[in-house]
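Everything numeric in this text was worked out from a predicted model, so none of it was measured. Each chain gets a letter, A, B and so on, in the order its sequence line appears, and its residues count up from 1.
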Number of protein chains: 2
Amino acid sequence: MPSRVPERPPTASAVIRQELRARIVSLAMRPGEPINEKALARRYGVSRTPVHEAVLKLAEEGLVAIFPQSGTFVGLIPYADLPETIIIRRSLEETSARLAAERGDAAGLAAIDRAMAVLAVADKDDHEAFHQADEAFHAGVARAAGHPGIWRLVQQVKVQVDRFRRLTLPQAGRLDRVVAEHGAVRDAIAARDPEAAARRMGAHLDGLLADLGGIAGLNPDYFDGPGRRDEGEQGRPFPP
Amino acid sequence: MPSRVPERPPTASAVIRQELRARIVSLAMRPGEPINEKALARRYGVSRTPVHEAVLKLAEEGLVAIFPQSGTFVGLIPYADLPETIIIRRSLEETSARLAAERGDAAGLAAIDRAMAVLAVADKDDHEAFHQADEAFHAGVARAAGHPGIWRLVQQVKVQVDRFRRLTLPQAGRLDRVVAEHGAVRDAIAARDPEAAARRMGAHLDGLLADLGGIAGLNPDYFDGPGRRDEGEQGRPFPP
DNA sequence: TTCGCAAATCTGATATATCAAACTAAGCTG
DNA sequence: CAGCTTAGTTTGATATATCAGATTTGCGAA
């Protein structure tokens, strides 16, 4: 191993990967849309190698579907898997909230309060700002629990749900409800009541499950219908 | 997207990745050991491209540390991160056990019983067989819960703990304790008592946390000392 | 012997080229 | 005009080559 790790600019592959991921998660690139590695290489002014590396890693995350000798496409949203990922998220974040309340770290609570303040004054129509502030709250809870890694894992797990939610219209009053539920979690943590904190976090995230229903009216081409993706098997065939 | 997804042999890159992962997790390759892509390419009779792809993905999993223009090495074990991963695992598997008990799926319970039977008759000295049967039990619980994805995630999260445990001698009587604790979880699921199932699974996995203490006497070169790996930053420098 | 410096070597990142498989579409057959 | 065949095109996987930076090595000076 090297004796020191010099700073170095991010590799071309890493830059491309971040940008592609952002465009896929934000739905700027639509599920099922073909990805042309050669065109991307041209666009970024690099060879196909770093583009291919970036695409491979996105495939690992389930954001891209590679069909060898056939084509690469923006991954469909695995609708059937979404409830499971929300259950996983709830499980992890209940634990975060419980541990944060047990720990009662003052600095952590302050960070949570800061995130809540940002959310309170967020422009109700600026969905992006709302989303950012929402995430900051959850990250803050994990940090207050002393386990930021939990939030990192949650972020990884919830990516397909995020894509789904971009497709659904934000319901009226959701922002106010989220603010209220965050406040309930915060108060339980501040009161050092682990079980209440966990319960309230769980209730908050159960709201996500309810949002999953409204698939009617959405473009069915965006979804991976039949179900769960086992050992790398990718989705259903494309209808002609 | 293609109209049908033809079967095809696994790519060279995938084969190499699986083999390397197995050798790293089993400690056949020691933490900190250099990885020579060119030599691997020769060994497998392929070019460096698929080897590089495999190594990149292992780096993603934290099993390999890449220092550009310098070298690639088998990843050190992030000792400071292990408690967090066990907390994550406990959180997820408590949820599995709770849901399995709520669901009360007869076929799922039968699968759990099969895994337990294998464990009961396992040769007490065949650590590999014991490990396999242990994993089958936990996989069975997740399946009985109707959420096999939870177990997939647990497997991903616990990989560094698995490496650590290979370094420690199995304690006398551990097998019997594991069998007993599995039985307790099984009975709570069979009795459809979700809270008891979750509590017992949590207690079972708390045993892992206790195992973490015995680092004394182990080779410190194998561990990533200071702490947590933030945004891809890799480990401590190597002492000369 | 020890130290310092520079050339040689090694590495990962990237570029370019090749290959086989799969899709596409034009052309042939009926 | 419809169905089938086939040649051309596109793609991902892999091979080979190049480059810049880091380590290592070897030799000479103190």
| Between D:dT14, D:dT11, C:dT16, which nucleotide gets closest to the side-chain atoms of B:E53? | D:dT14
| task | May I ask you to say what B:V55 touches in the nucleic acid, namely base, sugar-phosphate or nothing, with a heavy-atom cut-off under 4.0 Å? | result | nothing
| said: On DNA chain C, compare the nucleotides closest to A:Q69 and A:A12; which residue's is nearer the 5' end? | reply: A:A12
| query | How many Å lie between CZ on B:F67 and P on D:dT24, as a whole number? | reply | 13 Å
| note | Atom CG of A:L40 and atom C1' of C:dT14 are separated, to the nearest Å, by 16 Å
| task | Measure the spacing between CG of B:L208 and CZ of B:R165 and express it to the nearest 0.5 Å. | result | 4.5 Å
| Separation of A:Y44 atom OH from C:dT14 atom C1', in whole Å? | 17 Å
| Matching residue for A:V141 among A:L99, A:I150, A:I112 - test: side-chain contact (heavy atoms from CB on, under 4.5 Å) | A:I112
| N/O (side chain, B:H52) to phosphate O (OP1/OP2, C:dG12) under 4.0 Å | no
| request: Please check the phosphate of D:dA15 (OP1 and OP2 only) for any side-chain N or O of B:S47 closer than 4.0 Å. | output: yes
| query | Which nucleotide sits closest to the side chain of B:T11: C:dA13, C:dA21, D:dT14? | reply | D:dT14
| query | Of the candidate nucleotides D:dG12, C:dG12, D:dA15, which contains the atom at the shortest distance from the side chain of A:E37? | reply | D:dG12
| request: On the 0 to 90° scale, with breaks at 30° and 60°, tag the A:F164-A:Y79 ring pair as parallel, tilted or perpendicular. | output: tilted
| Worked verdict on B:L92 versus B:I88 for side-chain contact (heavy atoms from CB on, under 4.5 Å) | CA-CA 6 Å; B:L92 292 172; B:I88 288 170; 4.0 Å; yes
| query | Would you say D:dG12 has OP1 or OP2 under 4.0 Å from some side-chain N or O of A:T72? | reply | yes
| Is it the case that A:R152 and A:Q155 place a side-chain donor and acceptor less than 3.5 Å from each other? | no
| message | Can you measure A:I35 atom CD1 to D:dT11 atom P for me and round it to whole angstrom units? | response | 12 Å
| remark: Testing C:dA13, C:dA15, C:dT11 for proximity to the side chain of B:P68, the answer is C:dA13
| Rounded to the Å, how far apart are B:I66 CD1 and C:dG12 C1'? | 8 Å
| said: Can you measure B:R48 atom CZ to D:dA17 atom P for me and round it to whole angstrom units? | reply: 12 Å
| query | Taking atom C1' of C:dG12 as reference, at what distance in whole Å does atom CG of B:N36 sit? | reply | 11 Å
| task | Take the protein atom NZ of B:K38 and the nucleotide atom C1' of C:dA13, then report the distance between them rounded to whole Å. | result | 14 Å
